[in-house]
Number of protein chains: 2
Amino acid sequence: MTLASLPRHQGGADGLARLLGQALLAGRWRPGETFPRERDLCEHFAVSRNQVRNALATLVALGLIERTAGRGSVVCEIDEWHLLDPLVSAWMSDIETPDAQLLREIFAFRHSAEPAVARLAAQAAEAEDLERLEVAYRGMRRTAGRPEASAQHAEHDVAFHTAIYRASHNLVWRQMGHLLRPSIVALIQRSQAHLQPHPDGLEDSLVRHGRLLEAIRGRDADAAEAAAADVLRRTAVDLGIVADAASRPATVPVAEPNAKERSA
Amino acid sequence: MTLASLPRHQGGADGLARLLGQALLAGRWRPGETFPRERDLCEHFAVSRNQVRNALATLVALGLIERTAGRGSVVCEIDEWHLLDPLVSAWMSDIETPDAQLLREIFAFRHSAEPAVARLAAQAAEAEDLERLEVAYRGMRRTAGRPEASAQHAEHDVAFHTAIYRASHNLVWRQMGHLLRPSIVALIQRSQAHLQPHPDGLEDSLVRHGRLLEAIRGRDADAAEAAAADVLRRTAVDLGIVADAASRPATVPVAEPNAKERSA
DNA sequence: GAAAAGCAAATGTCAGACATTTTACCGCGC
DNA sequence: GCGCGGTAAAATGTCTGACATTTGCTTTTC
């Protein structure tokens, strides 16, 4: 694609990196394609080469592009994007239409990981962790079902799950919490666009979150693991990540190996 | 600390970032301490300010240091280090003495996560995944018990677990495989230094790895999950991450919330 | 026709000057 | 003495122009 469709004025210091990074995450250049040259970027955004080079260096550090002298900059394969970097996560959650395949991968990860995180949380949670969980849960209840407050609802939802990752008291899991925001924000937007595929689903979702909270408060690791799986199951079915739970209620079957190409 | 104890000549282009980054990861500056000024780095390493600024920009992108105009560079808290970045992982596995606490956190993560990964792998593995697993397993057998081949043994070990993460066919899990190398390399070094705390442990470990491989090959998700937990359990006990398995053989108890300060 | 030389285009590097932010110090007034 | 403001120093951030290096393509030459 060309530069023409990008806004000419970015925010501030790191605004340029963010603008270009989000364009990449939104898939406006496909992997393998060549990225615009430094000189063109300077002209289009009317900034010095320094700023352009700083922004591009950031994109390189995030594994989004690769630069070689004499050849130019090419967009990396999605496999090489540093999805786990906080910057990438933050940028992704601000995009209107992130890559659908990418979101499914993130959600599939959560579906398999979050039960284990909940188990740890039930074993390691302290008072302040429970406090955070409760505040977020109350916030979710307060904003449930009100379309005008859906953004706040998403924030409370993010806060709830982030609190679980924090409560694991493990450095790695805590840092992985950055993935939650893009995943949850995209889900909320999707559910708004689709005019609530499950009208009663919201109350149901709240009940499940409540059970998870109670399990963690009661330090019941097994119950927490099961409750976390329960929270994610319905959405996983909606996204086509797992088969319908009704058919095999006991275990959590996962899609066949080659099911990636299926449409959402 | 001062600059004096760092070698004066780094490798090449990104060698300076690597040198400084590894010094940070090894804990030679403590969080909160101020990092050397650009000018001092230029003089000490006899390079241009450009190179120094590039290296420091990399460290900033990795969350290792924070820079503000007029004040200088300060080392970030360990919480803010981007442990999941491939660069950080690669640097860490090349350090002789990484932070012990950090390694315990990484291993605790693996202990809670890898069973879930193995479950996914058993459901999604394809022929080439099994091929990779087998090659790595045979390599482990071949190099077992030979002290002169311990480095290769570690590499095969890394390859085995990396193959499991890859076999999950999930983007996020696959990227998380970068954490394996530092964790495994450190363990091997440790076991060498301690003169094999479990002389029969090596054969035992191989048997457990073999069972995990068989479970994945047989697409038995439950068995794979159990086998993965089994592979990690003994080492987890050694590191003080979980209580002795003999006391509570059924479940996998985890340390108390405030057990972080315990020495290794 | 193939290999070598040359040219153009892209990124990488350097050096110097200047801008901006922060901190510390000093003096002044109350 | 205490606080306040102002100035200067020190650190990082930015700009600019020139040059170096790598790469790919073109042209030349045998």
Side-chain angles (χ1 to χ4, degrees), chain A residues 1-4 6 8-21 23-24 29 31-76 80 87, chain B residues 1-4 6 8-21 23-24 29 31-76 80 87:
Chain A
M1 90 156 223
T2 69
L3 268 179
L6 286 183
R8 245 185 279 305
H9 294 299
Q10 73 287 1
D14 295 332
L16 184 54
R18 182 184 138 135
L19 186 67
L20 297 174
L24 282 166
W29 284 276
E33 227 174 317
T34 72
F35 203 70
R37 310 173 314 210
E38 289 183 354
R39 209 178 134 251
D40 291 345
L41 292 169
C42 291
E43 287 181 8
H44 183 79
F45 295 107
V47 296
S48 70
R49 196 158 90 107
N50 235 333
Q51 290 191 35
V52 168
R53 283 186 62 80
N54 284 343
L56 292 179
T58 300
L59 300 184
V60 169
L62 297 179
L64 295 176
I65 64 175
E66 195 177 6
R67 313 188 71 200
T68 53
R71 203 156 54 157
S73 313
V74 298
V75 180
C76 292
E80 298 167 9
L87 261 188
Chain B
M1 89 158 223
T2 69
L3 268 179
L6 286 183
R8 242 181 202 49
H9 294 301
Q10 73 286 2
D14 295 332
L16 185 53
R18 182 184 137 134
L19 185 69
L20 297 174
L24 282 166
W29 285 277
E33 227 174 318
T34 72
F35 203 72
R37 310 173 313 209
E38 288 182 357
R39 213 181 126 240
D40 291 344
L41 293 170
C42 291
E43 288 181 7
H44 183 79
F45 294 107
V47 297
S48 69
R49 195 158 91 108
N50 233 329
Q51 290 190 35
V52 168
R53 283 186 64 78
N54 284 345
L56 293 180
T58 300
L59 300 184
V60 169
L62 297 179
L64 295 176
I65 65 175
E66 195 176 5
R67 314 189 72 201
T68 54
R71 210 165 56 166
S73 313
V74 298
V75 180
C76 292
E80 298 167 10
L87 261 188

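We name chains A, B, ... by the order of the sequence lines, and we start the count at 1 in each one. All values below come from the heavy atoms of this structure, side chains included, with hydrogens, waters and symmetry mates left out.
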Nearest non-hydrogen partners of Leu16(B) and Gln51(B), listed with the distance
CD2-O, 4.2 Å
Rounded distance in Å - CZ (Arg39(A)) to P (dG12(C)):
17 Å
So CG of Leu64(A) and OG1 of Thr58(A): to nearest 0.5 Å the spacing works out to 10.0 Å
Between dT11(C), dT16(D), dG13(D), which one does the side chain of Ser73(A) approach most closely?
dT11(C)
Nearest-Å distance for atom pair CZ/C1', residues Arg71(A) and dC25(D):
14 Å
Can you figure out which of dC14(C), dT11(C), dT12(D) approaches the side chain of Arg49(A) most closely?
dT11(C)
Kindly check if the number of other-residue, nucleotide or ligand heavy atoms within 6.0 Å of CD (Glu38(B)) is above 12?
yes
Taking only residues two or more places apart in sequence, or in another chain, which ones meet Arg39(A) in a salt bridge (charged side-chain N to carboxylate O under 4.0 Å, His left out)?
Glu43(A)
Inspect the surroundings of CD in Glu66(A) and state if more than 12 heavy atoms from other residues, nucleotides or ligands are less than 6.0 Å away.
no
For atom CZ of Arg37(B) and atom P of dA9(D), their distance in whole Å:
15 Å
dT12(D) phosphate, OP1 or OP2, under 4.0 Å from Arg53(B) side-chain N/O:
no
Which nucleotide wins on minimum distance to the side chain of Ala69(A), given the candidates dT16(D), dA11(D), dT11(C)?
dT11(C)
Specify the residues of residues 59-66 of chain B, ordered by number, for which at least one heavy atom lies under 4.0 angstrom from an atom of DNA chain C.
none
Of the listed dG12(C), dC14(C), dC15(D), the closest approach to the Gln51(A) side chain comes from dC15(D)
Rounded to whole Å, CG of Asp14(A) lies from C1' of dG13(D) at a distance of 12 Å
Would you kindly give the CD-to-P distance between Glu43(B) and dA11(D), to the nearest whole Å?
11 Å
Under 6.0 Å from the CZ atom of Arg71(B), do we count more than 12 heavy atoms belonging to anything else shown?
no
Within this structure, what is the CG-to-P distance between Asn50(B) and dA20(D), rounded to whole angstrom?
16 Å
How long is the span from the CG atom in Leu20(B) to the CH2 atom in Trp29(B), to the nearest 0.5 Å?
6.0 Å
From CG of Leu16(A) across to C1' of dC15(D) the rounded distance in Å is 16 Å
Given dG12(C), dC15(D), dT13(C), the nucleotide with the shortest approach to the side chain of Arg67(A):
dG12(C)
Using whole Å, report how far CD of Glu38(B) lies from C1' of dA17(C).
15 Å
